[in-house]
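One structure below.
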Amino acid sequence: MPPSVASWDASSSSWECSAARVGVFSHGAGGLPGPSSAAAVVTEARIAELHRLGVRGFDLDLFFPLDSAGAGSRSLYVGHPRRLRQAWARSPALATSREWRRNKSVFGLTSAEVLRASGGALLSADALLALASRLPGLTLALDLKGGGQQPRYGAHLLYLARQVAYRNLTERVWLWAGTASAAKAVHRALSRRGDAPPRLRLGRTILDVGAPRLAHGSEPDCAAALSAAEVRSFAFLGPSLRCTNAALVSALGRLHVGRQLLVWVVDSPAELFEVLARGASAVVSNEPLLLLAALRNASDDGRVRRQCGA
């Protein structure tokens, strides 16, 4: 079964109840035992190994190369642009790329150059969605990079949403949409076909960077710019760890709009139980195995069963 995630509910935000159904997402397929727990290039083998160890959720970044027109899912690749730029900075495979020498951006590379730089190891979106169809309970949270900077972002996000719907993965693939306007554009486009639009899970991040400070204390007021109309455009919200504070919980209560909270990045059991107590229903972590073990221990000692009937 995929991670079962409950909507935010102030009346049942104790961590004991949340622990019974919390989803733990590996950040960038990181968290494997060993000195190199994270890697710039995410492979199918890496995801499969974490899945074998019990990880069912993966928060992954996607990008589109220069020659991608949004016409095929193979034109989208798994990887964070900044991390790939660092890994490929001195790659001899890109020595002849004028665009790469000029701005060191993966968005300026062709598909052939991307595959050459990665040695053919880079996972395509097509292969990733096929993997989600094969592996039991695999749940993905996909963040297509380029929103706000790349003019082709909207077309690629729509294509990705259509692929998710076509493969009947709407319950197991969540999409970060960036802005309310991007989410609305996807919903409008998918509703034009005349039949009922698929129930896509679209979400947006809530950042603490640049957020105003609360009147008393140093915590960020990340909910200051949220409105009920904007929140309704999304199925889930992704506040950063610092944003998941009492002010955000209070604001969501005032807006009377229950939404799933996928908090990032949570790397210790103490942080996990703190955000669960504040209404989080899923977390993104660099240490998914550690958090899954903490949740199992919490369940084994009987607290979850007594509180939730689990």
Minimum heavy-atom distance Ala247-Ala223, with the two atoms named: O-CB, 4.4 Å

Transitive ILVMFWY side-chain link Val42 to Leu135, under 4.5 Å: yes

Asp61/Arg82 salt bridge by N-O under 4.0 Å criterion: no

Any donor-acceptor N or O pair under 3.5 Å, side chains Thr110, Asp67: no

For the student: nearest non-hydrogen atoms of Gly30 and Leu50, plus distance: O-CD1, 3.9 Å

Distance-only donor-acceptor check, side chains Arg254 and Ser250, under 3.5 Å: yes

Heavy-atom check, side chain of Phe63 versus side chain of Val114, under 4.5 Å: yes

CH2-CG distance between Trp100 and Leu109, expressed to the nearest 0.5 angstrom: 5.5 Å

Common cluster, Val55/Leu290, ILVMFWY with side-chain heavy-atom separation under 4.5 Å: no

Min side-chain heavy-atom separation Asp208-Cys243 under 4.5 Å: yes

Beyond-backbone contact of His80 with Leu60, side-chain heavy atoms, under 4.5 angstrom: no

Derivation and outcome, side chain to side chain contact (heavy atoms under 4.5 Å, CB included), residues Ser240 and Val263: CA-CA 6 Å; Ser240 68; Val263 180; over 6 Å; no

Donor-acceptor contact present, side-chain Arg172 to main-chain Leu138, <3.5 Å: yes

Donor-acceptor contact present, side-chain Glu271 to main-chain Asp267, <3.5 Å: yes

pair Glu113-Leu94: side-chain heavy atoms closer than 4.5 Å: yes

Lys/Arg-Asp/Glu bridge criterion (N-O < 4.0 Å) met for Arg46, Glu49: no

Expected output: side-chain Arg56 to main-chain Val24 donor-acceptor under 3.5 Å: no

Flag, side chain of Ser91 to backbone of Ala87, donor-acceptor distance under 3.5 Å: no

ILVMFWY cluster, Leu158 and Leu200 together (side-chain gap under 4.5 Å): yes

Same apolar cluster: Leu131 and Leu142, side chain cutoff 4.5 Å: yes

Arg101 side, atom CZ; Arg98 side, atom CZ - distance, nearest 0.5 Å: 7.0 Å

Test log, rule side chain to side chain contact (heavy atoms under 4.5 Å, CB included), inputs Leu272 and Val283: CA-CA 8 Å; Leu272 170 66; Val283 296; 3.9 Å; yes

Ion pair check, Glu44 and Arg134, cut-off under 4.0 Å: yes

Gap separating the CG atom of Leu252 from the CG atom of Leu226, nearest 0.5 angstrom: 7.0 Å

Arg204 (side chain) donor-acceptor with Gly238 (main chain) under 3.5 angstrom: no

Proximity of Phe58 and Trp174 rings by center, below 6.0 Å: no

Minimum side-chain heavy-atom gap Phe25-Leu262 below 4.5 Å: yes

Evaluation steps, side chain to side chain contact (heavy atoms under 4.5 Å, CB included), between Leu237 and Gln260: CA-CA 6 Å; Leu237 299 175; Gln260 298 168 343; over 6 Å; no

Check: Leu128 and Ile47 side chains under 4.5 Å, non-hydrogen atoms: yes

Main-chain N/O of Leu129 paired to Asp126 side chain as donor or acceptor, under 3.5 Å: no

Phe236-Val265 co-clustered via ILVMFWY side chain contacts under 4.5 Å: yes

Heavy-atom check, side chain of Leu276 versus side chain of Leu295, under 4.5 Å: yes

Qualifying residue, where the test is side-chain hydrogen bond (donor to acceptor under 3.5 Å, both in side chains) with Ser75 and the options are Ser124, Ser111, Ser68: Ser68

N/O donor-acceptor pair under 3.5 Å between Asp143 side chain and Leu175 backbone: no

From Arg116 atom CZ to Leu122 atom CG, the distance as rounded to the nearest 0.5 Å: 13.5 Å

Steps toward ring-ring contact (aromatic ring centres under 6.0 Å, His included) verdict (Phe107, Phe64): CA-CA 6 Å; Phe107 293 103; Phe64 44 92; 5.3 Å; yes

Separation between OH of Tyr166 and CD of Gln163, rounded to the nearest 0.5 Å: 8.0 Å

Trp176 ring center within less than 6.0 Å of Phe234 ring center: no

Check: Arg152 side chain, Leu66 main-chain N or O, donor-acceptor pair, under 3.5 Å: yes

Smallest separation among heavy atoms of Lys104 and Arg85, with atom names: O-CD, 2.6 Å

Side-chain touch His187/Lys184, heavy atoms, less than 4.5 angstrom: no

